[in-house]
Amino acid sequence: MRVKAVLVGCLVCILLVTGCASKNKPFDFRGVYWGNNQKTVEKSEETEYVFASEELMMFSADVDGKPAEIYYSFQNNELVEGEVKFVIGDRILREIVEDYALVADRLKEFYGEPVNSDALVWLDDDEAYKPDPEWVSILNHRLMYRLAWETETTYVVFELECADETHINYFYHAYELSHRP
């Protein structure tokens with residue numbers, strides 16, 4: 001009988017400790033965890049609701065004082081991906097790069113140091129272009145900025161790229177590790 005009481009007591013302690021530890025776990029993406037359903041995500045997102053389908057929810061918000069679109073992707077009504085895409089408007093590239101650096105610093109505060117040490121990704125390895133200023137290489141689709149983090153549950157990518165002659169994007173994308181590209 002005494003052994004049973006000790007075993008039950010140990011089991012209760014283990015459950016309490018693991019239950020408390022999971023409540024202190026940092027969120028996977030913007031206040032929610034992978035596997036949350038759409039209702040949970042909608043309740044947690046305190047920004048302007050824009051659109052939803054079975055597989056996608058979209059919100060509009062200011063993120064760190066910058067206008068952004070926030071996307072949540074679902075499979076079988078379980079959250080598997082999130083993305084914050086910053087709205088550029090008619091700002092110049094220097095301002096966009098400065099904003100990218102500020103958001104990168106905030107992501108470093110939350111996720112720690114990135115897994116890649118060099119944020120520059122050359123899309124065109126031709127050495128003739130390397131002396132160009134970075135902004136020229138970005139505008140000519142030869143260079144992008146890319147940082148990545150990995151936690152126990154999440155893979156995060158933060159990029160700045162020139163999508164075409166008129167669109168420069170910077171965004172961060174978080175994936176549940178099992179859905180990492």
Side-chain angles (χ1 to χ4, degrees), residues 25-34 41 45 47-48 50-51 55-75 79-181:
K25 176 185 166 235
F27 295 113
D28 292 319
F29 180 76
R30 290 188 55 84
V32 293
Y33 298 101
W34 305 127
V41 170
E45 188 61 64
T47 60
E48 180 186 344
V50 176
F51 168 83
E55 297 177 348
L56 181 73
M57 293 181 80
M58 179 183 172
F59 296 84
S60 179
D62 274 356
V63 176
D64 289 332
K66 322 251 179 311
E69 298 167 346
I70 302 166
Y71 300 92
Y72 294 90
S73 298
F74 298 85
Q75 289 180 357
L79 180 64
V80 295
E81 291 180 36
E83 180 176 12
V84 175
K85 182 176 181 182
F86 293 90
V87 178
I88 301 301
D90 6 330
R91 297 172 40 233
I92 61 174
L93 183 58
R94 178 183 51 78
E95 294 171 335
I96 296 166
V97 170
E98 288 171 359
D99 287 348
Y100 175 88
L102 291 172
V103 175
D105 287 343
R106 294 266 296 156
L107 290 171
K108 288 175 187 175
E109 287 175 17
F110 188 76
Y111 293 110
E113 285 303 309
V115 293
N116 59 325
S117 58
D118 189 5
L120 301 179
V121 177
W122 287 95
L123 305 172
D124 182 342
D125 283 336
D126 188 336
E127 291 294 321
Y129 298 120
K130 301 261 172 136
D132 287 348
E134 286 180 11
W135 67 271
V136 171
S137 294
I138 290 170
L139 288 174
N140 289 316
H141 312 282
R142 292 191 293 263
L143 176 68
M144 67 184 282
Y145 293 158
R146 183 174 202 271
L147 293 171
W149 293 264
E150 190 169 311
T151 70
E152 288 180 23
T153 58
T154 304
Y155 183 72
V156 178
V157 177
F158 183 44
E159 296 180 347
L160 181 143
E161 65 182 0
C162 190
D164 58 41
E165 285 70 28
T166 59
H167 292 92
I168 298 170
N169 297 321
Y170 74 105
F171 58 89
Y172 72 91
H173 201 118
Y175 305 88
E176 180 177 15
L177 278 183
S178 62
H179 290 84
R180 176 182 171 183

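Quick caveat: nothing in here was measured; it's all calculated off a predicted structure. The analysis underlying the following values was restricted to heavy atoms, covering all of them including side chains, and did not include hydrogens, waters or symmetry mates.
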Colleague: Side chains of Y145 and E134: any donor to acceptor distance under 3.5 Å?
Modeller: yes
Colleague: Is the H173 ring parallel, tilted or perpendicular to the F171 ring (thresholds 30°, 60°)?
Modeller: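 Taking F171 first and then H173, their aromatic rings stand perpendicular (interplane angle over 60°).
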Colleague: Within a strict 4.5 Å, meaning less than it, do heavy atoms of the D105 and V103 side chains meet?
Modeller: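 No; the side chains remain at least 4.5 Å from each other.
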Colleague: Parallel, tilted or perpendicular: which describes the rings of F86 and F158, with under 30° parallel and over 60° perpendicular?
Modeller: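 Ring orientation of F86 relative to F158: perpendicular.
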Colleague: With a 4.5 Å heavy-atom cut-off, do T153 and E176 have their side chains touching?
Modeller: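 Not in contact.
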Colleague: May I have the step-by-step check of side-chain contact (heavy atoms from CB on, under 4.5 Å) for V41 and F74, ending in yes or no?
Modeller: CA-CA 10 Å; V41 170; F74 298 85; 3.9 Å; yes
Colleague: Do T154 and W34 touch side chain to side chain, with heavy atoms closer than 4.5 Å?
Modeller: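 SC-SC contact between T154 and W34 confirmed.
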Colleague: Are the side chain of D124 and the backbone N or O of D126 linked by a donor-acceptor pair below 3.5 Å?
Modeller: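 Flag set: sc D124 to bb D126 pair under 3.5 Å.
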Colleague: Does the side chain of I96 reach to within under 4.5 Å of the side chain of I88, using non-hydrogen atoms?
Modeller: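 They are in side-chain contact.
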Colleague: Between Y72 and E83, is there a side-chain heavy-atom distance shorter than 4.5 Å?
Modeller: no
Colleague: Does the side chain of L143 come within less than 4.5 Å of L120's, by heavy atoms?
Modeller: yes
Colleague: For the pair E69 and K85, find out whether any cationic side-chain nitrogen is under 4.0 Å from an anionic carboxylate oxygen.
Modeller: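 So E69 does not pair with K85 through a salt bridge.
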Colleague: Can you measure from CG (L123) to CZ (R142) and round to the nearest 0.5 angstrom?
Modeller: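 L123 CG to R142 CZ: 10.5 Å, rounded to 0.5 Å.
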